Q: 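To start, I am sharing the structure in question, which I have written as structure tokens.
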2 protein chains.
Amino acid sequence: METLTIGELSARSGVAPSALRFYEREGLIHASRTSGNQRRYDRAELRRVSFIKIAQQVGVSLDEIREALDSLPENRTPTKADWSRLSARWRYRLQERITVLERLRDELSGCIGCGCLSLQRCKLANPGDRLAAGGTGPQRILNPAVS
Amino acid sequence: METLTIGELSARSGVAPSALRFYEREGLIHASRTSGNQRRYDRAELRRVSFIKIAQQVGVSLDEIREALDSLPENRTPTKADWSRLSARWRYRLQERITVLERLRDELSGCIGCGCLSLQRCKLANPGDRLAAGGTGPQRILNPAVS
DNA sequence: CTGCAACTTGAAGTTCACTTCAACTCAAGG
DNA sequence: CCTTGAGTTGAAGTGAACTTCAAGTTGCAG
């Protein structure tokens, strides 16, 4: 088995076939076709899907993920070095995000408990970075099932 | 100034008036009315809005935030102790989330770089908890502006 | 060769968290 | 009193990330 069907890629990645087709339309992954027009995925695509899943957990939008994936070489299968370069970038973003959440954690009890939560001064509601800047759309991170 | 108009609450909280009306429809905040049917917010509502903003940064859905807020006493203005109790719950969730992201950070380079990213075994794509369990809808955490 | 699960498509639907709109009313300074 | 900025409503629109549907086609085991 050199290549994977959409069902196989779905099973191995945990991503629904409909989502994989959606990713393809969005230019995040690629597939070749059989004579009968069915998708066949190179094994290397598994790593792409994996990268997408991880980036989503970090909280990056598909638009940004596509940008990152576009920086991989198109003419050859990405090497370990290619992936390392990409992952280094995400590591930095991840660290930024962790720092924000840690600050949140460390100040949460005190800040809400003490009643300082009047928003103008509070570091929680107005963190130094632009995370709270707003922007349309849902921003749910945790799955409801996690609660 | 005992109470705040919607414009004032918006200015102080950084949440758009339309969002405040939306929160009210959703039962997350409350307002009294003037004789002319305009909203007047008790100063204590500011803390509710603040809590909503913080919880959203942690990645909690409005449904879950409402549940949490519903556990506050209805017959009196919440005390510091009430808020502390609530914040303790969030602190725990926050810590869970941080732990996941730290694991992600610590394993990202090695995992992607080494090519083990085949998803069946990889701790990254399939973390121990149910975070990756899927669920419909967007799961963006970071604002595009942050990039 | 047959049967059936797995695949194909485009279009439309869903959820979340809002925002925008139109048409209107209210509150307060001059 | 008049003007004007701020507020009111319900309905409809938005964007992200998918899912569902219907109607048809393909691929492989028996």
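It should be emphasised that the depicted structure is a prediction, and the values quoted were computed from it without experimental measurement. Hydrogens, waters and symmetry mates are skipped; everything else that's a heavy atom, side chains included, is used. Naming convention: chains lettered A, B, ... in sequence-line order (proteins, then strands); numbering from 1 in each chain.
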Q: Return the value, rounded to whole Å, for the distance between atom CG of Asp63(B) and atom P of dT15(C).
A: 12 Å

Q: Taking only side-chain nitrogens and oxygens of Thr34(B), does any of them come within less than 4.0 Å of OP1 or OP2 of dC26(C)?
A: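 Checking Thr34(B) against dC26(C): no side-chain N or O falls below 4.0 Å of OP1 or OP2.
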
Q: Look at the side-chain N and O atoms of Ser35(B) and state whether any lies under 4.0 Å from the OP1 or OP2 oxygen of dC26(C).
A: no

Q: Does any residue of residues 17-27 of chain B have a heavy atom under 4.0 Å from DNA chain D, and if so, which ones, in number order?
A: Arg21(B)

Q: Can you check whether Ile6(A)'s main-chain N or O pairs, donor with acceptor, with Ser10(A)'s side chain at less than 3.5 Å?
A: no

Q: In whole Å, I'd like the distance from the OH atom of Tyr41(B) to the P atom of dA6(D).
A: 16 Å

Q: Give the rounded distance in Å between these two atoms: CD1 of Ile29(B) and C1' of dA17(C).
A: 14 Å

Q: Determine all donor-acceptor pairs shorter than 3.5 Å in which one atom belongs to a side chain in residues 67-78 of chain A; sequence neighbours excluded.
A:
{"from": "Ser71(A)", "atom 1": "OG", "to": "Ala68(A)", "atom 2": "O", "distance (Å)": "2.6"}
{"from": "Arg76(A)", "atom 1": "NH1", "to": "Asp82(A)", "atom 2": "OD2", "distance (Å)": "2.7"}

Q: Using side-chain heavy atoms (C-beta onward) and a distance below 4.5 Å, is Glu45(B) in contact with Arg48(B)?
A: yes

Q: With a 4.5 Å cut-off on side-chain heavy atoms, are Arg39(A) and Arg33(A) touching?
A: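 Yes - at least one pair of side-chain heavy atoms lies under 4.5 Å apart.
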
Q: To the nearest Å, how far apart are Glu8(A) CD and dT26(D) C1'?
A: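 Taking CD of Glu8(A) and C1' of dT26(D), I get 15 Å after rounding.
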
Q: Which pair of heavy atoms, one from Ser84(B) and one from Ser87(B), lies closest together, and at what distance?
A: O-OG, 2.8 Å

Q: Where do Leu28(A) and Leu62(A) come nearest, in terms of heavy atoms and distance?
A: CD2-O, 3.8 Å

Q: For the pair made of CD in Gln56(A) and P in dA17(D), what is the distance, rounded to whole Å?
A: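 Nearest whole value for this atom pair: 7 Å.
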
Q: Of Gly36(A) and Thr5(B), whose closest DNA chain D nucleotide lies nearer the 5' terminus?
A: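 Looking at the nearest nucleotide for each, Thr5(B) comes out on the 5' side.
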
Q: Once you round it to whole Å, what is the distance between C1' of dC4(C) and CD of Gln38(A)?
A: 13 Å

Q: If you compare every side-chain N and O of Arg39(A) against the phosphate oxygens of dT8(C) (OP1, OP2), does one of them come in below 4.0 Å?
A: yes

Q: Rounded to the nearest angstrom, tell me the gap between atom CG in Leu4(A) and atom P in dC7(C).
A: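 Roughly 11 Å, once rounded to whole Å.
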
Q: Touch check for Arg40(B), heavy atoms < 4.0 angstrom, all strands: base, sugar-phosphate only, or nothing?
A: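 Here Arg40(B) touches no strand at all.
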
Q: Could you tell me the separation between the CG atom of Leu9(A) and the P atom of dC7(C), rounded to a whole number of Å?
A: 11 Å

Q: Could you walk me through whether Leu46(A) and Ser50(A) pass the side-chain contact (heavy atoms from CB on, under 4.5 Å) test, one step at a time?
A: CA-CA 6 Å; Leu46(A) 203 45; Ser50(A) 165; over 6 Å; no

